[in-house]
**Student:** 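Got a structure for you, questions after.
Just so it is clear, the values below take in all heavy atoms, side chains as well, and ignore hydrogens, waters and symmetry mates.
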Amino acid sequence: MAPSAAPILDVRDLCVTFLTKAGPVPAVKSISFDLSSGETLGLVGESGSGKSVTSLALIGLLDQGAELSGEIWFRDPREPEAAPIDLLQLSPEARRQYRGKLISMIFQEPLTSLNPVYTCGAQVIEALRLHQGLKADAAKAQAIALFEEVKLPNPAEILGRYPHQLSGGQQQRVMVAIALAGNPAVLIADEPTTALDVTIQATILDLLRDLQTTRGTATVFITHDMGVVSEIADRVAVMYHGDLVEIASVYDLFAEPQHPYTQGLLNCRPRPQQQLRRLPTVSDFMEEQPTDGGGVQVVSKVRTPAEKAELLAEVSPEEIAQKRLVLQEQAPLLQVKNLTKAFPMRQGFFGSKTEFRAVDDVSFDVYPGETLGLVGESGCGKSTLSRCLLRLIEPTRGAVHFEGRSVLEMLPTEMRQLRQSMQIVFQNPYGSLDARQTIGSAIMEPMQIHGLGGSAAERQARATDLLERVGLDGSALRRMPHEFSGGQRQRICIARTLACEPKFIICDESVSALDVSVQAQVLNLLKDLQQEFNLTYIFISHDLSVVKFVSDRIVVMNHGRIEEIGPAEVIYNSPQQPYTQQLIAAIPDATLDDIQQRQTVLS
């Protein structure tokens with residue numbers, strides 16, 4: 001829908017400062033933008049850029065420790081004759097009349113936003129009765145209508161279900177229904193698709209576009225994924241360390257980004273249609289330099305087309321084919337034959353026993369020095385398979401051979417020795433490190449367990465060397481996990497894995513929780529370490545564009561079975577199975593022609 005001329009929301013010189021014991025911390029620094037009815041403004045930037053703080057300031061959910069200044073003018077499109085209101089001048093009680101009813105929000109993680117002890121229907125009905133004053137029967141009928149509008153299957157049935165009984169995509173649709181319960185004029189969507197599979201993400205984006213068309217809602221869509229922005233936004237505002245560094249139409253921003261930070265964001269994400277040698281990072285495009293006044297200015301590092309071409313250098317098809325030939329001339333490092341993991345189930349309390357096959361008759365080989373990508377949606381069996389390979393859970397049947405030895409027939413003492421060679425990097429770096437253990441202790445502990453490194457001094461020197469290899473310095477040894485960012489923690493987890501001197505590493509969604517630039521740094525690091533130590537990877541992800549960049553071959557899984565297996569470029573360019581085709585079609589990777597065509601249709 002084309003935006004109306006008069007802005008519904010006009011933000012002027014908004015500043016947000018958090019008052020802490022260490023002093024004031026500026027989170028949003030004098031930003032200004034506007035938003036019209038029917039328009040979608042993409043608000044992008046990495047973690048810590050101020051996106052979510054800006055959204056919370058708009059809806060009035062910042063706590064008392066935040067100091068706000070500036071103006072947020074809101075014009076109710078249903079009362080065109082009424083004068084705009086500065087929301088920052090309202091009392092908390094008056095502000096509450098706008099929140100949920102006129103300005104509503106979809107939060108990032110639906111499972112933590114929904115109340116687990118109330119049914120989904122009860123939570124939507126509560127919002128309807130609060131904002132629209134409906135009686136119980138009318139609110140229930142309207143809740144069913146909202147569930148139909150957000151395209152939930154069997155709306156009347158889902159009304160009585162609890163959040164944990166729904167899939168991630170269905171939970172997010174319930175969150176959208178709650179946000180729409182007040183029939184808001186402005187909808188703030190804070191990373192609503194970040195935790196979702198690519199196909200579910202595509203359906204949520206389609207839903208938001210449909211709602212914008214039918215309701216004329218103005219939307220602020222917050223994300224760190226420039227691919228998603230290209231699919232949904234009319235204009236894009238880019239934030240960096242609390243500053244609004246660039247704002248433009250989505251086509252102009254993608255065609256000619258002006259700020260070096262924007263250029264870096266656009267180039268960080270893997271491009272499935274290209275096979276880059278390395279992924280560029282934000283630091284490749286910009287650097288911060290001190291100013292005479294004691295501040296910091298951002299300057300561009302890429303000054304010529306030749307320098308940019310060097311950053312975006314590609315691997316030739318001949319090199320890819322030659323590497324594959326060399327890899328497959330070797331004997332397989334890992335052989336998996338007819339592997340199955342079945343979980344017992346019972347239909348009802350007195351019902352007969354059945355089994356659910358999370359991994360169903362899976363077979364493949366992995367060669368030394370190869371990266372085998374394992375891709376599929378949540379619940380397809382990827383993580384269960386990885387744990388079966390390491391015997392973190394016991395397979396039901398099948399065979400796993402590592403260097404010709406049967407893993408499933410090994411005694412516990414033999415498995416302990418084997419785990420020195422077979423390691424895993426888990427998805428969540430926050431949960432993978434002991435919060436009470438220093439980084440040095442976490443890295444040296446595997447050396448002690450496996451008898452590596454000799455003396456304590458030698459182990460400490462080895463830990464320091466590993467930290468330096470993953471881009472950190474030795475001072476990190478004495479620090480605690482909470483003192484590091486998510487990307488730094490994941491580097492520490494990789495260093496701890498390398499402490500065992502493994503031959504084979506499973507990376508289980510190890511970059512999915514990271515910002516695009518940090519993700520690029522970790523993917524580049526994994527490739528560098530593979531070359532240096534001749535490592536073999538199984539790289540698990542639901543993001544096919546990431547898997548294609550890092551993998552030599554790709555396995556596509558669906559409902560516990562292998563749908564398709566082959567060279568990465570063949571799987572992407574010529575998928576044979578409908579499921580693989582669906583995954584590839586859902587990747588948000590709009591070209592300039594796609595963006596221009598969508599903008600033409602909307603106008």
**Student:** Does Tyr251 offer a backbone N or O that forms a donor-acceptor pair with the side chain of Gln596 under 3.5 Å?
**Tutor:**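 Checked: no pair found.
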**Student:** Which heavy atom in Ala237 sits nearest to a heavy atom in Leu41, and how many Å separate them?
**Tutor:**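 What the structure gives for the nearest pair is N-CD1, 4.2 Å.
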**Student:** Between atom NZ of Lys301 and atom CD of Glu307, what is the distance when rounded to the nearest 0.5 Å?
**Tutor:**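 Between Lys301 NZ and Glu307 CD, I get 10.5 Å after rounding to 0.5 Å.
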**Student:** Within this structure, what is the CD1-CG distance for the pair Ile200 and Leu205, rounded to the nearest 0.5 Å?
**Tutor:**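 So the gap between those two atoms works out to 12.0 Å.
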**Student:** Salt bridge check: are Arg209 and Asp206 linked by an N-O gap of less than 4.0 Å?
**Tutor:**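 Salt bridge between Arg209 and Asp206, a charged N being under 4.0 Å from a carboxylate O: yes.
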**Student:** With heavy-atom distances below 4.5 Å as the criterion, would you say the side chains of Pro270 and Leu276 are in contact?
**Tutor:**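 No, too far: nothing below the 4.5 Å cut-off.
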**Student:** Do Pro184 and Leu102 make a side-chain contact, defined as non-hydrogen atoms from C-beta onward lying under 4.5 Å apart?
**Tutor:**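 Contact flag for Pro184/Leu102 side chains = no.
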**Student:** Quick one: pull up OG in Ser510 and CZ in Phe539 and give me the separation to the nearest 0.5 Å.
**Tutor:**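 Atom-to-atom, Ser510:OG and Phe539:CZ are 4.5 Å apart.
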**Student:** Could you tell me whether a side-chain N or O of Arg173 sits under 3.5 Å from a main-chain N or O of Leu152, the two making a donor and an acceptor?
**Tutor:**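 Such a contact is absent between Arg173 side chain and Leu152 backbone.
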**Student:** OG/Ser517 to NE2/His224 distance, rounded to the nearest 0.5 angstrom?
**Tutor:**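 If we round to the nearest 0.5 Å, Ser517:OG and His224:NE2 are 11.0 Å apart.
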**Student:** Kindly give the heavy-atom pair with the smallest separation between Val511 and Gln519, and that separation in Å.
**Tutor:**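 Closest approach of Val511 to Gln519, heavy atoms only: O-NE2, 3.4 Å.
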**Student:** Work out which heavy atom in Leu114 is nearest to a heavy atom in Gln171; give both atom names and the distance.
**Tutor:**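 Heavy atoms only, the tightest pair is CD1-O, 4.0 Å.
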**Student:** Is any side-chain heavy atom of Phe426 closer than 4.5 Å to one of Cys493?
**Tutor:**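 Side-chain contact under 4.5 Å: no.
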**Student:** If we only count heavy atoms from C-beta on, is the Pro192 to Gln172 side-chain gap below 4.5 Å?
**Tutor:**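 The answer is yes; the side chains approach within 4.5 Å.
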**Student:** Any side-chain heavy atom of Asp543 sitting closer than 4.5 Å to one from Val547?
**Tutor:**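 When only atoms from C-beta onward are counted, Val547 and Asp543 do not touch, as no gap falls below 4.5 Å.
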**Student:** Checking side chain to side chain contact (heavy atoms under 4.5 Å, CB included) for the pair Thr193/Thr223: CA distance, chi angles, key distance, verdict?
**Tutor:** CA-CA 8 Å; Thr193 62; Thr223 183; 5.5 Å; no
**Student:** So does Gly38 get a backbone contact from the side chain of Gln212, meaning a donor-acceptor N/O pair under 3.5 Å?
**Tutor:**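 Looks like yes, one N/O pair under 3.5 Å.
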**Student:** Between Val53 and Leu62, which heavy-atom pair has the shortest distance, and what is it?
**Tutor:**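 That would be O-CD1, 4.1 Å.
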**Student:** CD1/Ile232 to OG1/Thr219 distance, rounded to the nearest 0.5 angstrom?
**Tutor:**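 Interatomic distance, Ile232 CD1 to Thr219 OG1, rounded to 0.5 Å: 7.0 Å.
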**Student:** Looking at every heavy atom in both Tyr162 and Pro116, which two are closest together, and how far apart are they?
**Tutor:**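 Looking at all heavy atoms of both residues, the shortest contact is CD2-O, 3.5 Å.
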**Student:** Got more than 12 heavy atoms from elsewhere within 6.0 Å of CD, Glu126?
**Tutor:**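 Atom CD in Glu126 is not packed in, count stays at 12 or less.
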**Student:** Quick check: are there more than 12 heavy atoms from other residues, nucleotides or ligands sitting under 6.0 Å from NZ of Lys29?
**Tutor:**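 More than 12 heavy atoms, drawn from other residues, nucleotides or ligands, come within 6.0 Å of this atom.
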**Student:** I need the single residue from Asp10, Ile103, Leu87, Ile59 that forms a side chain to side chain contact (heavy atoms under 4.5 Å, CB included) with Ile72. Which is it?
**Tutor:**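 For Ile72, the side chain to side chain contact (heavy atoms under 4.5 Å, CB included) test succeeds with only one of Asp10, Ile103, Leu87, Ile59, which is Leu87.
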**Student:** Would Ser283 and Thr281 count as a side-chain hydrogen bond (donor to acceptor under 3.5 Å, both in side chains) here? Give the steps.
**Tutor:** CA-CA 5 Å; Ser283 61; Thr281 64; 2.9 Å; yes
**Student:** Could you check Gln274 against Leu312 for side chain to side chain contact (heavy atoms under 4.5 Å, CB included), going step by step and ending with a plain yes or no?
**Tutor:** CA-CA 9 Å; Gln274 295 178 285; Leu312 301 177; 5.7 Å; no
**Student:** Can a donor-acceptor pair be found, under 3.5 Å and without considering hydrogens, that links the side chain of Arg235 to the backbone of Ile247?
**Tutor:**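 No; judged by distance alone, with no hydrogens or angles, the pair does not exist.
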**Student:** Could you tell me whether the side chain of Arg75 and the main chain of Pro7 form a donor-acceptor pair under 3.5 Å?
**Tutor:**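 Side chain of Arg75 to backbone of Pro7: a pair is present.
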**Student:** For Asp225 and Gly227, indicate whether the former's side chain and the latter's backbone hold a donor-acceptor pair under 3.5 Å.
**Tutor:**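 Yes, because the side chain of Asp225 sits within donor-acceptor range (under 3.5 Å) of the backbone of Gly227.
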**Student:** Using side-chain heavy atoms (C-beta onward) and a distance below 4.5 Å, is Gln123 in contact with Val174?
**Tutor:**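 When only atoms from C-beta onward are counted, Val174 and Gln123 do not touch, as no gap falls below 4.5 Å.
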**Student:** List for me each residue that meets side chain to side chain contact (heavy atoms under 4.5 Å, CB included) alongside Ala127, sequence neighbours excluded, and say none if there are none.
**Tutor:**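 His131, Ile178, Ala181.
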**Student:** Can you find a pair of side-chain heavy atoms, one from Pro153 and one from Ile158, that are under 4.5 Å apart?
**Tutor:**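 Counting from C-beta outward, Pro153 and Ile158 do come under 4.5 Å.
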**Student:** Can any side-chain N or O of Ser32 pair as donor or acceptor with the backbone N or O of Asp13 at less than 3.5 Å?
**Tutor:**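 Between the backbone of Asp13 and the side chain of Ser32 there is a qualifying donor-acceptor contact (under 3.5 Å).
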**Student:** Measuring from atom OG of Ser541 to atom CG of Asp508, what distance do you get when rounded to the nearest 0.5 angstrom?
**Tutor:**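 Here the interatomic distance stands at 9.5 Å.
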**Student:** Tell me if the CG atom of Asp137 is crowded by more than 12 foreign heavy atoms within 6.0 Å.
**Tutor:**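 No, because the 6.0 Å sphere around CG of Asp137 holds 12 heavy atoms or fewer from other groups.
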**Student:** Do any side-chain atoms of residues 253-260 form donor-acceptor pairs under 3.5 angstrom with protein atoms, and if so which ones, sequence neighbours left out?
**Tutor:**
unit_1 : atom_1 : unit_2 : atom_2 : d
Gln258 : NE2    : Glu256 : O      : 2.8
His259 : ND1    : Tyr261 : N      : 3.0

**Student:** For Phe147 and Val124, what are the C-alpha separation, side-chain angles and deciding distance, and is it a side chain to side chain contact (heavy atoms under 4.5 Å, CB included)?
**Tutor:** CA-CA 9 Å; Phe147 280 175; Val124 178; 3.6 Å; yes
**Student:** I want to check something: taking the side chain as every heavy atom from C-beta on, are Val176 and Glu149 in contact at a cut-off of under 4.5 Å?
**Tutor:**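 In short, these two side chains do not touch, never coming nearer than 4.5 Å.
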**Student:** What do the steps show when you test Thr112 against Phe107 for side chain to side chain contact (heavy atoms under 4.5 Å, CB included), and what is the final call?
**Tutor:** CA-CA 9 Å; Thr112 57; Phe107 294 95; over 6 Å; no
**Student:** Under 3.5 Å, side chain of Lys51 to main-chain N/O of Met239, donor-acceptor pair present?
**Tutor:**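 Absent.
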**Student:** Less than 3.5 Å apart, any donor N or O on the side chain of Arg489 or Ser432 sitting next to an acceptor on the other?
**Tutor:**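 No.
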**Student:** Could you pull out the closest heavy-atom pair between Ser55 and Asp190, with the gap in Å?
**Tutor:**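 Closest approach of Ser55 to Asp190, heavy atoms only: OG-OD2, 4.2 Å.
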